[in-house]
2 protein chains.
Amino acid sequence: MAKRAVLGTLGDVDIRLLRVFVVVAECNGIAASELELNIGKSTISRHISDLEKRIGLRLCDRGPSGFNLTSEGRQVLDHTRQLLLQIDEFQSQIDSIQRNLKGTIRVGIFDQSSTNPNGRLHQAIAEFDEIAPDVAINILLDSPSALEAGVTSGALDLAVVPNYQPSSALRYRPLYTESMCLYCGQGHPLFGLSDAEVQDRDVDLSAYKYAGYGFNSPNMRAGHKLRVKRAAQVKDEEALALLIQSGRYLGYLADHVAVGLGAAQSVWPVLRDQTAYSVQFAAVVRKRPEPDRKTTAFLECLTSAHSPAD
Amino acid sequence: MAKRAVLGTLGDVDIRLLRVFVVVAECNGIAASELELNIGKSTISRHISDLEKRIGLRLCDRGPSGFNLTSEGRQVLDHTRQLLLQIDEFQSQIDSIQRNLKGTIRVGIFDQSSTNPNGRLHQAIAEFDEIAPDVAINILLDSPSALEAGVTSGALDLAVVPNYQPSSALRYRPLYTESMCLYCGQGHPLFGLSDAEVQDRDVDLSAYKYAGYGFNSPNMRAGHKLRVKRAAQVKDEEALALLIQSGRYLGYLADHVAVGLGAAQSVWPVLRDQTAYSVQFAAVVRKRPEPDRKTTAFLECLTSAHSPAD
DNA sequence: ACCAATGTTTCCTTTTTGTGAAACTTTAGA
DNA sequence: TCTAAAGTTTCACAAAAAGGAAACATTGGT
């Protein structure tokens, strides 16, 4: 240590010495406090006399003739007890900060993902409310790119988005996957045909009208891969399902949506082997500044809500 | 260190770290606080992260992108400020104990010493009242041996007594001296005789009546040394002076008393060369338990009141 | 793309602190 | 008077804490 900096030149009474003093005073002697403190008496003796030097007062008469606090010692003892209480209080204030999360958490959700039965957001929210009842939850629905932008800028604490094109500024935590497939509706030329039949006929999918989302999304990328031309743009899943059910359009649907629509009766998977793909949904937070505690806690809730154990 | 005792296992938040944290927060960054703290940034950085580990909370985002307290950091800062205030308050409570003497001080005075002009007890009292206005002074007059017994037993805090037969349990601090001499009164056979004349006549002092104190005192010891027989016992100086002035008795008087009686007119020193002696008056306190602060302070006042400088 | 500023980490040194053992000192009590 | 008990002091040592220097890492601005 080069030189003690300006801090606590005079002050910074050693809390430890004060604690020792209190115990010694309560035990009414050094010998008696040995057990309590679990320190040798030579050490205790030095502690007490150190303390006396530091605060410049003789605190007690001690020796073979007995132990007695001086009048100053009694006063110091009183003030010390109070100080130690205040320190304990400080400790518990800190503890309570640790325990009680407060504030508002802003969570973004991909607006077309709420129907997936794999998504356990509701469960995560319930868990979170259990451990952090004082945090207000703010939920916002938007497109994946808008959500990621929000998280990056700090406008959102966390978002649940399909995990594609990961940004290096963000940290992704996989939650669940959604399986997608190209569907057509009743009345469509491909309706009812098995993959083998379609393949036998050497069908060119791009010959059919295709409906998809108008914004950047896994759906859009899948469409690109099929090289289909988008004849209809939609903004939400229901609209897309409607177009497909019309029997005029091909389009990607999540399998759970197809099931919801009545499956084989209403919509039909096209070339499942080739067109099926799955999207992983992930919770995303920014890397820095590091997410705060309530965000981390929410992330944990999300993870545990989606872990296989549950 | 063999093993940290049970004290403050979890707690004992390091006050120093908290102080550093407050300064850093106030300076809004580590670099800025370097000057203020007069510590290198590497150390400060470590301090802050140590503190974060100890209390288990991230306190601030820091880095090239700027410095920002987290919401927890802000809360901790508030509580820390309060704690530091309370520590300061503790300090000043201690200081005030140091400064303000309280209680009662019991002082004993040799009851035959109050007329000596060298005794500056009044001045000492004035000084003491200046520095310790809240201490009540209790003064008791008694014989030297009674006073010393009082000090030894703790019934008295301090006494001013002629310093003879020092007791090993007591600590003596010389204050002033009183010169004594054997005197006779007008009408006595030795009145008016110079030392030489008395010696020429080969006078046997023990042939004359002698008057002295009836209790153990320097006066009594002086009488023993002269081998005079005590024909009259007195209990105070005025009675003694009266007997001597009668011209019938020899007796020891303090020179200042003789002067007060009118010196050469009224009383006459006998064989000054041989009979003169001086008594040192001293303040006396017990060695242990060590005298308390007000006693020590009073002792200081006595000393300074009697020091040559004054 | 480069630079300056802000922190962090690693490595090493110095100082302070905490500790026990043992030899002493003092005092109360048998 | 002798002894046991209570503290104090001295000595030696280990560990923690405080500190700095230098090499890194990250980021904002030119």
To the nearest Å, how far apart are [X] [atom1] and [N] [atom2]?
| X | N | atom1 | atom2 | value |
| --- | --- | --- | --- | --- |
| Glu34(B) | dA5(C) | CD | P | 13 Å |
| Asp14(B) | dT16(C) | CG | C1' | 13 Å |
| Leu17(B) | dA18(D) | CG | C1' | 10 Å |
| Phe67(A) | dT27(C) | CZ | P | 17 Å |
| Arg46(A) | dG18(C) | CZ | P | 9 Å |
| Glu52(B) | dT8(C) | CD | C1' | 12 Å |
| Ile44(B) | dA5(C) | CD1 | P | 17 Å |
| Ile48(A) | dT9(D) | CD1 | C1' | 16 Å |

Got a donor-acceptor contact below 3.5 angstrom from the [X] side chain to the [Y] backbone?
| X | Y | answer |
| --- | --- | --- |
| Gln86(B) | Leu83(A) | no |
| Thr295(B) | Asp157(B) | no |
| Lys102(B) | Val135(B) | no |
| Ser92(A) | Asp95(A) | no |

Heavy-atom side-chain contact between Val279(A) and Asn163(A) under 4.5 Å: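 No. Closest side-chain heavy atoms not under 4.5 Å.
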Protein N or O to nucleotides 1-3 of chain D N or O, pairs below 3.5 Å:
none

Basic-acidic side-chain contact under 4.0 Å: Asp88(B), Arg19(B):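 Counted as a salt bridge, because a side-chain N and a carboxylate O are separated by less than 4.0 Å.
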Glu72(A) with Arg293(B): basic N within carboxylate O range, under 4.0 Å: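 Arg293(B) and Glu72(A): salt-bridged.
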Gap between atom CD1 of Ile39(A) and atom OG of Ser45(A) - 0.5 Å precision: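 Nearest 0.5 Å value for the OG-CD1 distance: 12.0 Å.
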Nearest-0.5 Å distance that lies between atom CG in Leu158(A) and atom CD1 in Ile137(A):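 CD1 of Ile137(A) is found 11.0 Å from CG of Leu158(A).
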N or O in side chain of [X] less than 4.0 angstrom from [N] OP1/OP2:
| X | N | value |
| --- | --- | --- |
| Thr43(B) | dG19(D) | no |
| His47(B) | dA17(D) | no |
| Arg16(A) | dT19(C) | yes |
| Arg62(B) | dT8(C) | yes |

Considering only side-chain heavy atoms of [X], which listed nucleotide, [options], is closest?
| X | options | result |
| --- | --- | --- |
| Ser42(B) | dG20(D), dT8(D), dG19(D) | dG20(D) |
| Lys41(A) | dG20(C), dA6(D), dG7(C) | dA6(D) |
| Ile39(B) | dA17(D), dG7(C), dG20(D) | dG20(D) |
| Ser45(B) | dG7(C), dG19(D), dT19(C) | dG7(C) |
| Ile30(B) | dG7(C), dG20(D), dG19(D) | dG7(C) |

Between protein and nucleotides 25-30 of chain D, what N or O pairs are separated by less than 3.5 Å?
unit_1, atom_1, unit_2, atom_2, d
dT27(D), OP1, Arg288(A), NE, 3.3

Aromatic ring pairing Phe215(B)/Phe110(B), orientation class (parallel under 30°, perpendicular over 60°, tilted between):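 Because their plane-to-plane angle is over 60°, the rings of Phe215(B) and Phe110(B) count as perpendicular.
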